[in-house]
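The block underneath contains the structure these notes are about, expressed in structure tokens.
Bear in mind that the values here come from a model prediction, so they are computed numbers and not experimental data.
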Protein chains: 2
Amino acid sequence: MSDDDIFRALGDPTRRAIFEKLATGAMNASTLREGMAISQPAMSQHLAVLRNASLVRERRQGRYVNYEVDPDGLARIAGWLARYRAYWPARIDALRDLLKDMDQ
Amino acid sequence: MSDDDIFRALGDPTRRAIFEKLATGAMNASTLREGMAISQPAMSQHLAVLRNASLVRERRQGRYVNYEVDPDGLARIAGWLARYRAYWPARIDALRDLLKDMDQ
DNA sequence: GCAATACATAAGCGAAGACTTATTCGGTTC
DNA sequence: GAACCGAATAAGTCTTCGCTTATGTATTGC
């Protein structure tokens with residue numbers, strides 16, 4: 001897990017799509033694959049990259065492997081971003097929403 | 001400018017180093033190159049990638065080209081990140097600081 | 001134990017990426 | 001306008017990446 005792993009992992013649109021789908025709820029690799037034009041090995045490889053970047057984590061459940069978003073990766077991005085807050089535009093609505101959530 | 005351009009641009013450690021250095025203050029390409037083991041064309045190409053991702057912007061000044069951090073790219077990352085706030089750990093100090101800044 | 005299922009790994013291939021050297025383009029200075 | 005300097009572009013090379021097909025590894029159910 002490093003900034004390098006994280007940004008590199010997110011640099012691929014297919015992987016971002018996988019991550020996005022996972023963000024709607026945990027699911028196993030096969031379910032993830034549904035509706036996506038992607039082979040089983042390709043999915044497995046993408047998940048390995050995402051896992052290596054701490055963007056996703058797995059939990060074996062019988063012969064299925066359940067995948068879910070790993071907050072660690074996201075936190076790391078947030079940390080990276082925070083280093084440059086001096087350059088942020090004065091108002092970013094999405095961010096403000098987020099802050100409100102965290103202030104509760 | 002797209003999420004793809006941004007994450008792909010930041011996926012390269014050399015480019016992140018360039019961006020980081022630029023974040024300490026605007027400077028031209030030659031000054032940027034000082035202390036970095038990188039050729040002039042390589043720097044120029046990296047800057048082109050960063051510029052294309054809206055992470056950096058340029059302003060011609062005579063025969064020098066001054067580069068500076070472009071808030072647009074950072075804002076876009078923040079936007080992307082905000083979509084997954086449901087997964088953020090309860091407390092991210094750096095982020096909280098940031099929010100406080102924005103709440104003023 | 002054996003067939004079936006879910007997933008991972010291996011090996012190889014074509015495309016894209018990061019570098020190099022050489023050259024060109026813009027702009028300043030004399 | 002000629003020499004010079006900062007930066008961009010061109011073209012080629014080598015590496016990395018994302019895919020494929022084939023095979024291996026767990027786990028379940030009969």
Would you call B/D4-A/R16 a salt bridge at under 4.0 Å N-O?
yes

[X] [atom1] to [N] [atom2]: how many Å, rounded?
X	N	atom1	atom2	answer
B/R51	D/dA8	CZ	P	6 Å
B/D4	D/dC17	CG	P	15 Å
A/R33	C/dA6	CZ	C1'	10 Å
A/N52	D/dT16	CG	P	16 Å
B/M43	C/dA18	CE	P	14 Å
B/L50	C/dA18	CG	P	10 Å
B/E58	D/dG6	CD	C1'	13 Å
B/H46	D/dT9	NE2	P	15 Å

Identify, residue by residue, the members of residues 12-25 of chain A with a heavy atom below 4.0 Å from DNA chain C, and return them in order of residue number, or none.
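Output list: empty, so none.
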
With clusters defined by side-chain heavy atoms of hydrophobic residues (ILVMFWY) lying less than 4.5 Å apart, directly or transitively, does A/M36 cluster with A/L10?
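A/L10 clusters together with A/M36.
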
Tell me whether A/V49 is reachable from A/I6 by hopping between hydrophobic residues (I, L, V, M, F, W, Y) whose side-chain heavy atoms are closer than 4.5 Å.
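Different clusters.
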
Protein within reach of the bases, or only the backbone? For nucleotides 20-30 of chain C, mark each nucleotide 5' to 3' as B, S or -, using heavy atoms under 4.0 Å.
BBB---BBS--

Crowding at CZ, A/R59 (>12 non-hydrogen neighbours, <6.0 Å)
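Open.
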
Short question: side chain of A/Y87, backbone of B/A23 - any donor-acceptor pair under 3.5 Å?
yes

Flag, side chain of A/R60 to backbone of A/G62, donor-acceptor distance under 3.5 Å:
yes

Parallel, tilted or perpendicular: rings of A/W80 and B/F19 (30°, 60°)
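Parallel: the ring planes of B/F19 and A/W80 meet at under 30°.
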
Below 4.5 Å, heavy atoms only, C-beta onward: do [X] and [Y] meet side chain to side chain?
X	Y	value
B/T14	B/H46	yes
B/E58	B/N66	no
A/D5	A/N52	yes

Would you please confirm or rule out a distance under 4.0 Å between OP1 or OP2 of D/dA8 and any side-chain N or O of B/Y67?
yes

Report the secondary structure of DNA chain D in dot-bracket form, marking unpaired bases with a dot and bases paired to a different strand with |, and treating Watson-Crick or G-U pairs with both distances under 3.5 Å as paired.
||||||||||||||||||||||||||||||

Yes or no on side chain to side chain contact (heavy atoms under 4.5 Å, CB included) for B/L55 and B/L50, after CA distance, side-chain angles and deciding distance?
CA-CA 5 Å; B/L55 283 163; B/L50 288 169; 4.0 Å; yes

